[in-house]
Amino acid sequence: MLLPRIQSSCGAARSPRTRLRNVAVAASAAMLVLGPMAATASADPAPAPAPSLPPQLVAAVQRDLKISPQEYLRRADAAQQVGTFATTAQRQYPQSFGGAWLDRSGKGVIALAPGEGHDAARKAATTAGYQVKEVAKSETELRGEQNAFQQWLTGQPKSVSQSVQGAVIDTVDNVLAVRVNKSGLPMPGFIDPSKVFVAAVPAGPEQGAVHDVDKKVAGVANQAPIAAGDAYASTAGNTQLICSSGFNGVDGRGQVVNITAGHCDPNIPAAGTAGAPDMYEVLPGNALGAKLGVFQKSVLGAEDYSIVSINPDARNRFSNNLVRVPGRAPVVITGVADPVVGAPVCKSGTRSGFSCGTVSAVDQEVQVGDHNLEHSFAANICALPGDSGGPIISGTRAIGVSSASSVADYPICEIPNLIGAVTGNAPQLFAQPVRAILNDNPGLRLRTN
């Protein structure tokens, strides 16, 4: 996993630290292929209104995406339009639909393979204003290959299975790509050798400790709103982790909650019990402040998320739909988005603030430490220890929660960003889709406009 900052020098914290230092992961093969994608809307959508975005987000959009904030919002809307079309096309034309994305020229692309429904799908795509790319395989065929690869992998010796870090459908190149941590591994015949990529697994650095203060005084003194992207500490015994708060919401019982990363819970089996870990505010000077809530549910395996139940005396502080760099002006969340290859996205985190990129892979499985994160998406975004659990947005919509990073060993983002610019191997952030969390928890909803 990525990126909590481990906050203990005690022996009890050594096992979590060891686990966390070995789980920040590198980009999947398809991400290395696609690289940065500055995609635009597909069919001449109307210009976006003047955005109400905070200066820090505007600066990140201009720095990382090299576009205006208006264009950022326009592309985010365009990606959702493409995603909606793709959902319908896949359902109606499963034998010919080959995928959808936003390309570098700023157009929505619909891939079509030979098969039943091809001509009807082509007419529907062109009528909607999208480009059509003819490909060899439908998305259904590619998913079949992905399943076949996973079945093949289960029958391999550990020397092979433990060296494969993930397989993902490379939508743009219409192939299955595989990421490994060493060369020379055997592969099934349907895997193109040129789509097997070797990438090392970096480790995450340890950070300094949080210091206890008088929690009662801190709780009374600070009643400022807590937004997604602000720091919090999670504690269990002598173990303390620092993560970034995720999206604020309300569960099915009307309880105020915060949605963050599962691996930010230092005692996952205890979530929802009397011994569940607590969430604390982090004050200036890296001091441990007021108790804010308790981990109600934590999932770490195929998914990576936690739902923190907020204490009654702190609920007003979480009753907002804001995302920000800690202490700065926020952006207001207006809805929920789905990941689409080429969509512009930005993350906020307590360690590295806002950084932006584009979605480079969706619905992928990637090995993260001792578990496989399934149906995740990835973007060419730098994230560092402490950014775990923080929000990822597309336009002003919630799209994901930060889960794992390819560059957790670096002290600042400027270094991996420079390396990526030279080598083409951009930083990658793996994310838990928000929509999946909502689907897993009936009645759970985000605070939006």
Side-chain angles (χ1 to χ4, degrees), residues 41 45-65 67-81 83 222-232 244-251 254 256-260 281 292 307-308 310 314-340 343-350 352-357 359 379 381 387 389-402 431-435 437-438 444-449:
S52 179
L53 302 180
Q56 290 74 27
L57 178 55
V58 170
V61 166
Q62 294 173 332
R63 179 194 67 225
D64 299 335
L65 295 175
I67 58 176
S68 70
Q70 291 89 347
E71 182 70 359
Y72 163 70
L73 293 176
R74 187 177 72 85
R75 296 180 183 188
D77 288 342
Q80 293 310 294
Q81 295 169 16
N222 189 357
Q223 292 298 320
I226 293 179
D230 289 350
Y232 73 88
S244 299
S245 57
F247 297 102
N248 292 328
V250 179
D251 68 14
V256 176
V257 298
N258 186 262
I259 302 168
T260 185
E281 184 174 9
L292 300 171
I307 300 173
V308 180
I310 303 303
R315 287 175 185 172
N316 288 340
R317 304 182 66 188
F318 286 83
S319 296
N320 64 76
N321 57 334
L322 307 178
V323 169
R324 67 183 177 191
V325 170
R328 301 300 180 91
V331 57
V332 175
I333 296 303
T334 60
V336 177
D338 294 307
V340 175
V345 288
C346 297
K347 77 97 179 69
S348 180
T350 185
S352 58
F354 279 123
S355 50
C356 302
V359 174
I381 293 176
D387 293 332
I392 305 172
I393 61 175
S394 184
T396 59
R397 300 181 184 95
I399 194 171
V401 172
S402 295
Q432 165 70 53
V434 166
R435 189 83 70 183
I437 302 174
L438 300 179
L444 179 66
R445 63 188 189 276
L446 300 190
R447 292 190 180 275
T448 70
N449 282 356

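These numbers were taken from a predicted model, which means no experiment stands behind them.
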**Prompt:** If every non-hydrogen atom of Ala79 is compared with every non-hydrogen atom of Ala343, which pair is closest and at what distance?
**Reply:** CB-CB, 3.5 Å
**Fill in**
The reported gap from CG in Leu438 to CG in Leu446 (rounded to nearest 0.5 angstrom) is 5.0 Å
**Item:** Ser244 side chain vs Thr350 backbone, donor-acceptor pair below 3.5 Å
**Value:** yes
**Asked** What are the two closest heavy atoms between Lys347 and Gly353, and how far apart are they?
**Response** NZ-O, 2.7 Å
**Message:** Looking at every non-hydrogen atom in both residues, tell me the closest pair between Val323 and Ser348 and how far apart they are.
**Reply:** CG1-CB, 4.1 Å
**Prompt:** Passes side chain to side chain donor-acceptor pair (under 3.5 Å), Ser352 versus Asp387? Steps please.
**Reply:** CA-CA 7 Å; Ser352 58; Asp387 293 332; 2.5 Å; yes
**Asked** For Arg435, does the CZ atom sit with more than 12 other heavy atoms under 6.0 Å from it, leaving out its own atoms?
**Response** yes
**Item:** Close side-chain approach of Ile226 and Tyr232, heavy atoms under 4.5 Å
**Value:** no
**Fill in**
Distance col, row Asn449:CG vs Asn321:CG, nearest 0.5 angstrom, shows 5.0 Å
**Prompt:** Quick one: CG on Asn316 to CD on Gln223, what's the gap to the nearest 0.5 Å?
**Reply:** 8.0 Å
**Request:** Would you mind reporting whether Val61 and Gln70 have side-chain heavy atoms less than 4.5 Å apart?
**Result:** no
**Which atom of Pro433 lies closest to which atom of Ala431, heavy atoms considered** = CD-O, 3.5 Å
**Message:** Using 0.5 Å steps for rounding, measure from the OG atom of Ser319 to the CD1 atom of Ile310.
**Reply:** 9.5 Å
**Prompt:** Does the side chain to side chain contact (heavy atoms under 4.5 Å, CB included) test come out yes or no for Val250 and Arg447, once each step is laid out?
**Reply:** CA-CA 7 Å; Val250 179; Arg447 292 190 180 275; 3.5 Å; yes
**Complete:** Nearest heavy-atom contact between Gly229 and Pro391 is N-CD, 3.6 Å
**Request:** Take Phe354 and Asp64 through the test side chain to side chain contact (heavy atoms under 4.5 Å, CB included) and record every step on the way to the result.
**Result:** CA-CA 10 Å; Phe354 279 123; Asp64 299 335; over 6 Å; no
**Under 3.5 Å: donor-acceptor pair, side chain of Gln62, backbone of Pro69** = no
**Request:** State, to 0.1 Å, how close Val340 and Gly83 come at their nearest heavy-atom pair, and which atoms those are.
**Result:** CG2-CA, 3.8 Å
**Asked** Given side chains that start at C-beta, do those of Arg317 and Leu292 come closer than 4.5 Å, heavy atoms only?
**Response** yes
**Item:** Pair Asp77 + Arg397, salt bridge at N-O below 4.0 Å
**Value:** yes
**side chain to side chain contact (heavy atoms under 4.5 Å, CB included) evaluation trace for Val345 with Ser394** = CA-CA 4 Å; Val345 288; Ser394 184; 3.9 Å; yes
**Prompt:** Do Val256 and Asn248 touch side chain to side chain, with heavy atoms closer than 4.5 Å?
**Reply:** no
**Request:** Check whether any side-chain heavy atom of Val401 lies under 4.5 Å from a side-chain heavy atom of Ile392, and answer yes or no.
**Result:** no
**Asked** Side chains of Phe247 and Ile393: closer than 4.5 Å at any heavy-atom pair?
**Response** yes
**Prompt:** How long is the gap from CG on Leu57 to SG on Cys356, to the nearest 0.5 Å?
**Reply:** 5.5 Å
**Item:** Test item: Arg324 and Asp230 side chains (from C-beta on) under 4.5 Å apart, heavy atoms
**Value:** yes
**Thr448 and Thr334, any side-chain heavy atoms less than 4.5 Å apart** = no
**Complete:** CD1 of Ile333 to OG1 of Thr396, rounded to nearest 0.5 Å, is 6.5 Å
